[in-house]
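What follows is one structure encoded as structure tokens, with my remarks underneath.
For the numbers below, each heavy atom of this structure counts, side chains included, while hydrogens, waters and symmetry mates do not.
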Amino acid sequence: VGNSPILGAKDAPVTIIEFSDFQCPYCKRVEPTMKELRDTYKDKIRLVWKHEPLPFHPRAVPAAQLTLEARAEKGDKGFWAAHDLLFKNQQKLADEDLLGYAKELGLDVDKVKIAINEHKYKAEMDADQELADDIQASGTPHFFINGRRLVGAQPFEKFQAVIDEELKNAQAVMAKGVPA
């Protein structure tokens, strides 16, 4: 998990780590599934975001810089608001679009411009990409559910099967007195 943005209860028994890219159409395609998972499982899951901008998506890095500046200014809540806005407007990721989103999100537009132009959060993004390389999480979206790999924009039922198994495992362990 490291210092990555989190959505959900920090002590949730199931952690979903997502390696993703804001310009990837498959990453956008899985977003409704991720929302359905959060709505279904509520505080039993937490989502952790890892940046993996693919080299053939030239607008993914600037978009990621925007989300990281949003997080610096407004915490994880700011990150996820920027995340949602970028996926909603995935076809419009030019610098002027990103600066417009920054204004819409109530961010300091000058700081966002600096983050984009100077790759302010390159070290954080590089760390996520190095982790992805280490665990062979190539391509996006790429998920780990309590460490179990799930690749691609899979339907709700694929996630549900793994999450339900992991919840059973967690309940058995917690019954022995181990905290979530």
Using 30° and 60° as the class boundaries, would you call the ring planes of H51 and F22 parallel, tilted or perpendicular? tilted

Can you label the angle between the F87 ring and the H83 ring as parallel, tilted or perpendicular, going by 30° and 60°? perpendicular

Looking at side-chain heavy atoms only, is the closest gap between [X] and [Y] below 4.5 Å?
{"X": "E73", "Y": "E69", "value": "yes"}
{"X": "L37", "Y": "F156", "value": "yes"}
{"X": "V61", "Y": "H119", "value": "yes"}
{"X": "D128", "Y": "S4", "value": "yes"}
{"X": "Q129", "Y": "P53", "value": "yes"}
{"X": "K120", "Y": "L68", "value": "no"}
{"X": "I45", "Y": "T40", "value": "no"}
{"X": "L167", "Y": "K44", "value": "yes"}

How close do [X] and [Y] get, counting heavy atoms only, and between which atoms?
{"X": "P62", "Y": "I116", "value": "O-CG1, 3.8 Å"}
{"X": "D43", "Y": "A12", "value": "O-CB, 3.5 Å"}
{"X": "G139", "Y": "H142", "value": "O-CB, 3.6 Å"}
{"X": "A63", "Y": "L98", "value": "N-CD1, 3.8 Å"}
{"X": "P141", "Y": "C27", "value": "N-SG, 3.6 Å"}

Do E18 and K50 sit within salt-bridge range, that is, some charged N less than 4.0 Å from a carboxylate O? no

Pair D95 + K113, salt bridge at N-O below 4.0 Å: no

Please name all residues satisfying salt bridge (charged side-chain N to carboxylate O under 4.0 Å, His left out) with [X], sequence neighbours left out, ordered by chain then number.
{"X": "K74", "result": "none"}
{"X": "D39", "result": "K35"}
{"X": "D76", "result": "R71"}

Please test L105 against V112 for side chain to side chain contact (heavy atoms under 4.5 Å, CB included), starting from the C-alpha separation and ending with a verdict. CA-CA 11 Å; L105 292 163; V112 171; over 6 Å; no

[X]-[Y] co-clustered via ILVMFWY side chain contacts under 4.5 Å:
{"X": "I6", "Y": "I163", "result": "no"}
{"X": "I135", "Y": "V1", "result": "yes"}
{"X": "W49", "Y": "M125", "result": "no"}
{"X": "W80", "Y": "Y121", "result": "no"}
{"X": "V48", "Y": "M34", "result": "no"}

Residues E104, L85; criterion side chain to side chain contact (heavy atoms under 4.5 Å, CB included); working and verdict: CA-CA 9 Å; E104 185 176 336; L85 189 58; 3.6 Å; yes

Side chain to side chain contact (heavy atoms under 4.5 Å, CB included) with D97: of K92, Q91, R59, only one passes, and it is K92

Output every pair passing salt bridge (charged side-chain N to carboxylate O under 4.0 Å, His left out) with a member in residues 155-176, not counting sequence neighbours, ordered by first then second residue. R148-E165, R148-E166

N/O donor-acceptor pair under 3.5 Å between Q90 side chain and C24 backbone: yes

Using only atom types and a distance under 3.5 Å, with no angle test, would you say the side chain of N146 pairs donor to acceptor with the backbone of T15? yes

Apply side chain to side chain contact (heavy atoms under 4.5 Å, CB included) to the pair L150 and I145, showing each step before the final yes or no. CA-CA 7 Å; L150 187 63; I145 305 169; 4.1 Å; yes

As an exercise, state the distance from [atom1] of [X] to [atom2] of [Y], rounded to the nearest 0.5 Å.
{"X": "L86", "Y": "Q23", "atom1": "CG", "atom2": "CD", "result": "11.0 Å"}
{"X": "L47", "Y": "S20", "atom1": "CG", "atom2": "OG", "result": "9.5 Å"}
{"X": "T67", "Y": "E124", "atom1": "OG1", "atom2": "CD", "result": "9.0 Å"}
{"X": "Q160", "Y": "Q154", "atom1": "CD", "atom2": "CD", "result": "14.0 Å"}

For H57, the ring-ring contact (aromatic ring centres under 6.0 Å, His included) test, sequence neighbours excluded, returns none

Between L7 and R38, is the side chain to side chain contact (heavy atoms under 4.5 Å, CB included) condition met? List the steps. CA-CA 9 Å; L7 184 60; R38 291 190 314 272; 3.3 Å; yes

Decide if atom CD of Q136 counts as having more than 12 heavy atoms of other residues, nucleotides or ligands within a radius under 6.0 Å. no

Linking Ile, Leu, Val, Met, Phe, Trp and Tyr by side-chain heavy atoms under 4.5 Å, what else ends up with F56? L54

Taking the six-membered ring for Trp, is the centroid-to-centroid distance between F19 and F143 below 6.0 Å? no

